[in-house]
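The structure under discussion is supplied below as structure tokens; questions concerning it will follow.
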Amino acid sequence: MKFRVERDALADAVAWTAKSLPSRPSVPVLAGVMLRVADGTLQVSGFDYEVSSQVTVDVHGDADGAALVSGRLLAEITKALPAKPVDIAAVGAHLELVCGSARFTLPTMPVEDYPTLPEMPESAGTIDAAAFAAAVAQVAVAAGRDETLPMMTGVRLEMNGGNLVMLATDRYRLAMRELPWQPDDAEISMNALVPARTLNDTAKTLGPLGGEVTLALAHGGAGEGMIGFAGGTRRTTSRLLDGANYPPVRSLFPANSNAEARVPVAALIEVVKRVALVAERTTPVLLSFSSDGLVVEAGGTEEARASEAMDATFTGEAMTIGFNPQYLIDGLQNLGSATALLSFVDAFKPAVISPATEDGEVVPGYRYLIMPIRVTR
């Protein structure tokens with residue numbers, strides 16, 4: 001194997017592939033990236049039996065072939081290379097990399113020991129790349145991180161006709177995003193529970209590429225199976241989580257509200273961040289709403305305390321409600337609007353945060369539910 005490639009293209013391809021590699025692989029070859037050259041195209045791929053990543057790059061190939069090298073090491077090297085063409089050649093049990101006056105010799109691993117990447121499942125449809133990335137960012141933030149509850153670490157995709165719904169919850173908050181897409185089958189009705197981290201990393205990569213993202217899903221994807229995403233020259237596949245017993249979380253959204261507050265998003269985020277500086281890790285921030293506006297507080301009588309008042313438009317009976325400050329900030333930061341509408345049943349029931357226009361009208365498509373923390377005053 002011998003080829004020449006542009007430094008930026010190589011560094012970008014290796015960095016993206018290496019990002020999904022395991023830090024503690026079950027076998028050494030799974031920490032490698034496969035470099036395979038054929039017909040003037042370099043294919044960079046990685047696979048850990050759960051997630052596969054593959055990207056193609058145009059190169060000037062002198063000799064076809066393949067080599068398997070440490071992914072993280074190669075990523076660090078290519079990132080640090082000068083902005084010059086890179087010459088790479090497989091020589092015996094080593095990979096030689098030359099860029100300008102910089103020269104590296106890396107040990108290779110047996111290509112024959114590397115697992116075969118899975119094939120992409122059958123295409124289910126396409127979606128705008130930027131819209132896909134924005135929607136995933138809004139929802140994935142609410143997914144759980146406790147690996148002992150794997151179901152909660154996923155984002156549930158519900159595909160019904162031309163409507164795609166994303167849901168995620170860690171039991172303390174719930175995010176839901178609805179958006180249109182272009183299914184290959186107008187009558188499609190499928191669900192899939194995708195690991196949130198994989199979905200988020202994939203969306204962040206494919207979104208800036210523009211164009212469309214292809215969603216590929218194996219039939220029967222609600223349980224065991226695989227999902228694939230493709231955009232530009234990149235593709236990734238991931239195993240699905242078992243979502244057969246995923247709870248009916250939509251029912252958590254209240255049908256009606258008894259009070260509503262309209263607040264400027266940026267201002268509320270800054271106030272919560274300041275006030276939360278005196279809050280302990282498990283201490284909530286208190287939001288006191290009244291016709292006079294909003295007061296945000298944190299701390300106790302014998303501890304450091306903080307409070308700050310800000311403008312807010314509130315309708316309903318005055319109330320004080322407590323939230324985990326980081327969960328509240330996460331919901332506000334992902335609204336995608338300058339104004340937030342907070343809807344309440346009472347101080348002990350979940351609150352719903354929705355994006356709103358400057359006139360206070362709800363922008364449909366996204367809702368973020370957050371559980372209150374009971375407080376005594």
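Each residue takes its place number in the sequence, starting with 1.
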ask   = When rounded to the nearest 0.5 angstrom, what distance separates CG in L97 from OG1 in T105?
value = 9.0 Å
request  = Could you tell me whether the side chain of R262 and the main chain of A312 form a donor-acceptor pair under 3.5 Å?
outcome  = no
ask   = When rounded to the nearest 0.5 angstrom, what is the spacing between CG in L117 and CZ in R36?
value = 9.5 Å
query = Will you find, in the side chains of D146 and T148, an N or O donor that is under 3.5 Å from an N or O acceptor?
reply = yes
query = Any donor-acceptor pair under 3.5 Å linking the side chain of T205 with the backbone of D201?
reply =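 Such a contact is found between T205 side chain and D201 backbone.
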key: Exercise: identify the closest heavy-atom pair between V362 and S354   =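 Result for this residue pair: CG1-CB, 4.1 Å.
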query = For D311, does the CG atom sit with more than 12 other heavy atoms under 6.0 Å from it, leaving out its own atoms?
reply =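 Open.
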key: Heavy-atom closest contact (N334 atom, A137 atom, distance)   =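 What the structure gives for the nearest pair is OD1-O, 3.3 Å.
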ask   = With a cut-off of 6.0 Å (strictly less than), are more than 12 heavy atoms of other residues, nucleotides or ligands near CD of E308?
value = yes
ask   = Take atom CG in N245; do more than 12 heavy atoms of anything else shown fall under 6.0 Å from it?
value =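 For N245, atom CG is not crowded (no more than 12 foreign heavy atoms under 6.0 Å).
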inquiry  = Name the residue from V165, N191, I227, L193 that meets the side chain to side chain contact (heavy atoms under 4.5 Å, CB included) definition with L157.
reply    = I227
inquiry  = Checking side-chain polar atoms at under 3.5 Å, does S257 have a donor or acceptor matched by the opposite partner on S343?
reply    =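 Result is no, nothing qualifies.
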query = For residues 333-365, which residue pairs qualify under ring-ring contact (aromatic ring centres under 6.0 Å, His included), counting only residues two or more places apart or in two chains?
reply =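 The answer is F289-F344.
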ask   = How far apart are the closest heavy atoms of P325 and P284, and which atoms are they?
value = CD-CA, 4.4 Å
ask   = Cationic tip of R173 within the cone over Y327's six-membered ring, i.e. under 6.0 Å and within 45° of the normal?
value =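 Verdict for Y327: a cation-pi partner in R173.
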query = For P110 and L68, which heavy atoms make the closest approach, and how far apart are they?
reply =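 Result for this residue pair: O-CD2, 3.8 Å.
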ask   = Crowded around E358 CD? As in, over 12 foreign heavy atoms under 6.0 Å?
value = no
message = Using a 6.0 Å distance limit plus a 45 degree cone around the ring axis, check whether R367 lies over the aromatic ring of F253.
response = yes
inquiry  = So does A143 get a backbone contact from the side chain of R145, meaning a donor-acceptor N/O pair under 3.5 Å?
reply    =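 Yes, R145 side chain to A143 backbone: donor-acceptor pair under 3.5 Å.
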request  = Might you confirm whether atom CZ of R197 has over 12 heavy atoms from other residues, nucleotides or ligands at distances under 6.0 Å?
outcome  =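 Not more than 12 within 6.0 Å, no.
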Crowding at CD, Q182 (>12 non-hydrogen neighbours, <6.0 Å) =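 Correct, the count exceeds 12.
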query = Rounded to the nearest 0.5 Å, how far does CG of L268 lie from CG of L294?
reply =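 Between atom CG of L294 and atom CG of L268 there are 6.5 Å.
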request  = Could you walk me through whether D48 and R239 pass the salt bridge (charged side-chain N to carboxylate O under 4.0 Å, His left out) test, one step at a time?
outcome  = CA-CA 11 Å; D48 66 354; R239 67 173 180 86; over 6 Å; no
inquiry  = Nearest 0.5 Å, please: how far is CZ in F47 from OG1 in T236?
reply    =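 So the OG1 of T236 and the CZ of F47 are separated by 10.5 Å.
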inquiry  = If we ignore hydrogens and angles and just use 3.5 Å, is the side chain of W181 paired with the main-chain N or O of G161 as donor and acceptor?
reply    = yes
task = Would you give the length of the straight line joining atom CG of L73 to atom CG of L95, rounded to the nearest 0.5 angstrom?
result =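 Between atom CG of L73 and atom CG of L95 there are 10.5 Å.
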request  = Would you confirm whether Y366, through its side chain, and Q138, through its main-chain N or O, come within 3.5 Å as a donor-acceptor pair?
outcome  =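 Flag set: sc Y366 to bb Q138 pair under 3.5 Å.
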T237 versus S52, side-chain donor and acceptor atoms under 3.5 Å = yes
inquiry  = Ignoring hydrogens and geometry beyond distance, is a side-chain donor-acceptor pair present between T41 and T56 at under 3.5 Å?
reply    = no
inquiry  = Could you report the tightest heavy-atom contact between L252 and L369, atom names first, then the distance?
reply    =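 Result for this residue pair: O-CD1, 3.3 Å.
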inquiry  = Can you confirm whether more than 12 heavy atoms, excluding those of Y172, are under 6.0 Å from its OH atom?
reply    =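 Atom OH in Y172 is not packed in, count stays at 12 or less.
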request  = Would you check if the side chain of T126 reaches a backbone N or O of V213 as a donor-acceptor pair within less than 3.5 Å?
outcome  = no
message = Checking the side chain of Q54 only, and the main-chain atoms of R235 only, is there a donor and an acceptor separated by less than 3.5 Å?
response = no
ask   = Which atom pair, heavy atoms only, marks the closest approach of S53 to S20?
value = OG-OG, 3.1 Å
Interatomic distance, R250 atom CZ to R156 atom CZ [nearest 0.5 angstrom] = 8.5 Å
ask   = Are any side-chain N or O atoms of D87 and backbone N or O atoms of R4, one a donor and one an acceptor, separated by less than 3.5 Å?
value =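 Not at all, since once roles are kept as given, no pair shorter than 3.5 Å links the two residues.
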